[in-house]
Amino acid sequence: MLGQFVIALREGLEAVLLVAVLIAYLKRSGRAGEIPYAYYGAIAALLIGFAAAFGAIAVYGGLEEEQKVIFEALASYLAVAVLTYMILWMAGKNVREEVESKAKKKFVWGIALISFVFVVREVVETVLFLTPFAARDLYGTVLGAIAGIGLAALLSIAIVKLEYKLSLRKFFYVTSILLTFIASGLVGYGTHELVEFLEEKGYESWLFEEAYSLGLDESNPLHHKGIVGGIFAVLFGYSASMEWIRVFVQFGYLLVFLAAVNLKYGVLSTRREVKGVKEVTE
């Protein structure tokens with residue numbers, strides 16, 4: 001549930017903030033009459049998101065057991081690919097500048113379209129990211145998503161309406177680190193499902209052999225299906241046992257993209273500091 005919560009919080013906050021900044025810009029520009037169109041676009045995007053979520057659940061429910069294994073593996077890999085792109089793309093984005101530059105068009109339905117594009121992107125990404133989790137734990141995924149979106153709405157109100165001083169860049173940096181751990185767990189889980197499918201088809205390899213085992217029974221709270229272990233499994237990709245290929249893929253991904261996230265944010269920070277120094281000296 002916690003992993004789903006983090007994903008929904010991150011995506012929900014980004015979507016709500018984009019719409020809130022768009023509305024604030026319209027107010028400052030004397031275009032308050034166009035604000036309802038921003039809501040129309042956001043509502044349309046949410047409806048598409050709900051339809052996509054129900055569609056994914058319906059497709060999964062209609063699959064046979066063997067097909068479900070492949071579906072979960074592919075959904076995990078696809079979610080990781082999009083999640084990775086989103087994390088790296090978002091680094092250093094100026095939310096306010098991006099929204100205001102797109103809102104300069106004067107026709108009202110253009111505002112609805114801008115709002116729709118902002119929100120539908122986040123909604124579709126959220127559905128995609130949560131699909132592998134929903135396949136394993138639908139109830140926990142729904143609760144985590146609702147809690148994350150709810151908190152995102154509250155934070156957005158505090159930031160935009162009450163001018164609460166929260167560094168969005170730091171927020172996105174911290175959540176990017178958490179999402180990198182979650183993504184590594186997803187790619188590990190997808191690899192595990194793929195190994196199970198290949199073994200059932202008769203394929204053998206030393207990479208499919210067990211790399212380690214903690215010797216924990218599934219009834220043990222520390223097992224990755226237990227109460228405590230399940231939390232770490234979702235947040236950090238923890239597992240009581242792993243195949244060699246999962247170890248290589250999961251931890252290889254984690255190391256590479258933790259370095260990439262820190263490098264990207266670090267480089268951007270340095271550029272901003274240098275720019276600030278130049279502006280002061282000039």
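Numbers here are sequence positions counted from 1. What you see is a predicted model, and the numbers here were worked out from it, not measured in a lab.
Among residues at least two apart or in separate chains, side-chain hydrogen bond (donor to acceptor under 3.5 Å, both in side chains) pairs with a member in residues 237-258 are T84-Y253, H192-E243, H224-S239, R246-Q250.
Listed by chain and residue number, nothing satisfies the ring-ring contact (aromatic ring centres under 6.0 Å, His included) test with Y77 (two or more places apart in sequence, or in another chain). Listed by chain and number, the residues in a side chain to side chain contact (heavy atoms under 4.5 Å, CB included) with A259 amount to none (sequence neighbours excluded). In this view, S213 satisfies the side chain to side chain donor-acceptor pair (under 3.5 Å) rule with no residue, not counting sequence neighbours. Listed by chain and residue number, V195, L198, E199, Y203, S205, I245 satisfy the side chain to side chain contact (heavy atoms under 4.5 Å, CB included) test with F208 (two or more places apart in sequence, or in another chain). E218 pairs by the salt bridge (charged side-chain N to carboxylate O under 4.0 Å, His left out) definition with K225, not counting sequence neighbours. Among residues two or more places apart in sequence or in another chain, the side chain to side chain donor-acceptor pair (under 3.5 Å) test is passed with S184 by none. Applying the side chain to side chain contact (heavy atoms under 4.5 Å, CB included) rule to V117 yields the partners L113; only residues at least two apart in sequence or on another chain are considered. Applying the side chain to side chain contact (heavy atoms under 4.5 Å, CB included) test to L9 and every residue at least two apart in sequence or in another chain returns F5, L151, A152, L155, F171.
Linking Ile, Leu, Val, Met, Phe, Trp and Tyr whenever their side-chain heavy atoms come within less than 4.5 Å leaves Y189 and I70 in two separate clusters. Linking ILVMFWY side-chain heavy atoms closer than 4.5 Å, directly or via other members, places V19 and I149 in two distinct hydrophobic clusters. Side-chain heavy atoms closer than 4.5 Å link hydrophobic residues (I, L, V, M, F, W, Y) into clusters, and following such links, possibly through other members, connects F248 to L194. Placement of L186 and F251 within a single hydrophobic cluster is found when ILVMFWY residues are connected by side-chain heavy-atom separations under 4.5 Å, directly or transitively.
Residues L47 make up the rest of the hydrophobic cluster containing I43, defined by ILVMFWY side-chain heavy atoms closer than 4.5 Å, directly or through other members. Through direct or relayed side-chain contacts under 4.5 Å between Ile, Leu, Val, Met, Phe, Trp and Tyr, L255 connects to no other residue.
The side-chain heavy atoms of V142 and I146, taken from C-beta on, include a pair separated by under 4.5 Å.
Closest approach of V120 and A45 over heavy atoms only: N-CB, 3.4 Å. The two residues A42 and S115 come nearest to each other via the heavy atoms N-OG, 3.3 Å. Nearest heavy atoms, S76 versus G190: CB-CA, 3.9 Å. Between G144 and A8 the shortest heavy-atom distance is O-CB, 4.1 Å. Annotation for A183 and V80: closest pair O-CG2, 3.4 Å, computed over non-hydrogen atoms.
Using a distance-only test at 3.5 Å, with no hydrogens or angles considered, a donor-acceptor pair links the side chain of N262 to the main chain of L258.
Note that CE of M242 and CG of L214 are 9.5 Å apart. Values are rounded to the nearest 0.5 Å. The CG atom of L222 sits 12.0 Å away from atom CG of D217, with the distance rounded to the nearest 0.5 Å. To the nearest 0.5 Å, the span separating OH on Y39 from CG on L46 amounts to 13.0 Å. For the atom pair OG1 of T180 and CD1 of I177, the computed distance is 5.5 Å after rounding to the nearest 0.5 Å. Rounding to the nearest 0.5 Å gives a distance of 10.5 Å between OH of Y173 and CG of L178.
Here the options are L254, L207, T191, the test is side chain to side chain contact (heavy atoms under 4.5 Å, CB included), and the partner is V249; only T191 passes.
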Take V247 and Y212, measure what side-chain contact (heavy atoms from CB on, under 4.5 Å) needs, and give me the verdict at the end.
-> CA-CA 9 Å; V247 170; Y212 73 86; 4.3 Å; yes
